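Quick notes on the structure that follows.
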Amino acid sequence: MTTSALVTLPKIIRANEVFEIRLLIAHVMESGFRPGNFGQILPRNIVRKVQCKFLNSIVFEAQFFPAVAANPLLVFNLKVPRSGELEVVWSGDNNFVHREIVRIELV
């Protein structure tokens, strides 16, 4: 399975008004506690961290642990003073890194 990510923003965003951002990542997750077909423990493979930057400043960050759900969905609020790029970086086990850049355009 390939990794896919979705960053959802409202269609209309105004300067200095709070709006909601939704982050969803589809990633092959394995807790590191589950036995495989032959009884061996499957190695852990989870998303460990997500970080969002707007205008090179961290605006949201979360860390995950083995109990995280597969395909985690995160929702947070943000308020921005001007248009710019939101950079979202997911990272995890086995040198996993996935980056999305979304343009936030104010009306």
Side-chain angles (χ1 to χ4, degrees):
M1 175 183 182
T2 60
T3 299
S4 64
L6 182 63
V7 179
T8 306
L9 303 171
K11 292 184 194 270
I12 297 174
I13 302 171
R14 292 183 173 81
N16 296 311
E17 286 189 9
V18 175
F19 62 95
E20 183 179 88
I21 296 176
R22 292 176 168 263
L23 309 175
L24 176 69
I25 187 160
H27 177 269
V28 177
M29 302 285 266
E30 190 55 62
S31 68
F33 298 111
R34 193 170 66 92
N37 291 338
F38 300 104
Q40 80 284 8
I41 299 298
L42 298 171
R44 185 178 72 184
N45 184 17
I46 65 170
V47 174
R48 305 273 301 167
K49 181 178 178 181
V50 63
Q51 185 179 75
C52 300
K53 289 183 180 181
F54 183 76
L55 302 175
N56 291 320
S57 294
I58 297 172
V59 295
F60 179 80
E61 186 173 66
Q63 292 183 357
F64 300 113
F65 299 91
V68 67
N71 308 324
L73 170 67
L74 296 168
V75 180
F76 67 97
N77 293 320
L78 185 61
K79 178 171 68 170
V80 298
R82 62 185 174 97
S83 297
E85 290 184 339
L86 178 71
E87 178 186 27
V88 182
V89 179
W90 289 268
S91 57
D93 294 333
N94 306 316
N95 298 316
F96 168 75
V97 176
H98 184 85
R99 177 175 279 108
E100 295 281 331
I101 296 177
V102 178
R103 179 88 184 153
I104 295 177
E105 207 58 57
L106 303 181
V107 294

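Because the structure is a prediction, the values reported are computed rather than measured.
A search for side-chain contact (heavy atoms from CB on, under 4.5 Å) contacts involving Phe65 returns Gln63, not counting sequence neighbours. For Arg14, the side-chain contact (heavy atoms from CB on, under 4.5 Å) test picks out Ile12, Glu17, Val107, with sequence neighbours left out. Checked against side-chain hydrogen bond (donor to acceptor under 3.5 Å, both in side chains), Glu100 has the following partners two or more places apart in sequence or in another chain: His98. In this view, Ser83 and Glu105 satisfy the side-chain hydrogen bond (donor to acceptor under 3.5 Å, both in side chains) rule, not counting sequence neighbours. With sequence neighbours excluded, the residues that form a side-chain contact (heavy atoms from CB on, under 4.5 Å) with Val68 are Met29, Ile46, Phe64, Pro72. Remark: Arg44 engages Asp93 in a side-chain hydrogen bond (donor to acceptor under 3.5 Å, both in side chains) (not counting sequence neighbours). Here Asn37 pairs with nothing under the side-chain contact (heavy atoms from CB on, under 4.5 Å) rule; sequence neighbours left out. By the ring pair (Phe, Tyr, Trp, His ring centres under 6.0 Å) test, Phe60 is found to be paired with Phe76, residues two or more places apart in sequence or in another chain being considered.
Within the hydrophobic cluster formed by Ile, Leu, Val, Met, Phe, Trp and Tyr side chains joined at under 4.5 Å, directly or through other members, Val89 is accompanied by Val97. Grouped with Ile58 in a hydrophobic cluster is no other residue, since no side-chain heavy-atom contact under 4.5 Å to another Ile, Leu, Val, Met, Phe, Trp or Tyr is found.
For the atom pair CD1 (Ile25) and CG (Leu74), the distance works out to 9.5 Å, reported to the nearest 0.5 Å. A distance of 5.0 Å separates CZ in Phe54 from CD1 in Ile104, rounded to the nearest 0.5 Å.
Residue pairs that meet the salt bridge (Lys or Arg N to Asp or Glu O under 4.0 Å) test with at least one member in residues 50-76, sequence neighbours left out, are Lys49-Glu61. For residues 77-90, the pairs satisfying salt bridge (Lys or Arg N to Asp or Glu O under 4.0 Å) are Glu87-Arg99, with sequence neighbours left out.
Taking both residues in full, the closest heavy atoms of Ala15 and Pro81 are given as CB-O, 3.7 Å, listed atom of the first, atom of the second, then distance. Considering every non-hydrogen atom in both Leu9 and Arg103, the closest pair reads CD1-O, 4.0 Å. Contact record, Ile41 with Gly32: CG2-O, 3.0 Å, taken as the closest heavy-atom pair. The minimum heavy-atom distance between Val88 and Val50, with the atom names listed, is CG1-CG2, 3.9 Å.
Hydrophobic cluster membership is shared by Leu55 and Leu106, with clusters built from Ile, Leu, Val, Met, Phe, Trp and Tyr side chains linked at under 4.5 angstrom.
If you run side-chain contact (heavy atoms from CB on, under 4.5 Å) between Leu73 and each of Leu24, Thr8, Leu23, Leu6, only Leu24 comes through.
Between Trp90 and His27 there is no side-chain heavy-atom pair separated by less than 4.5 Å.
Remark: side-chain polar atoms of Asn45 are not paired, donor with acceptor, to backbone N or O of Asn94 under 3.5 angstrom.
Atom CG of Asn56 has 12 or fewer neighbouring heavy atoms from other residues, nucleotides or ligands inside a 6.0 Å radius.
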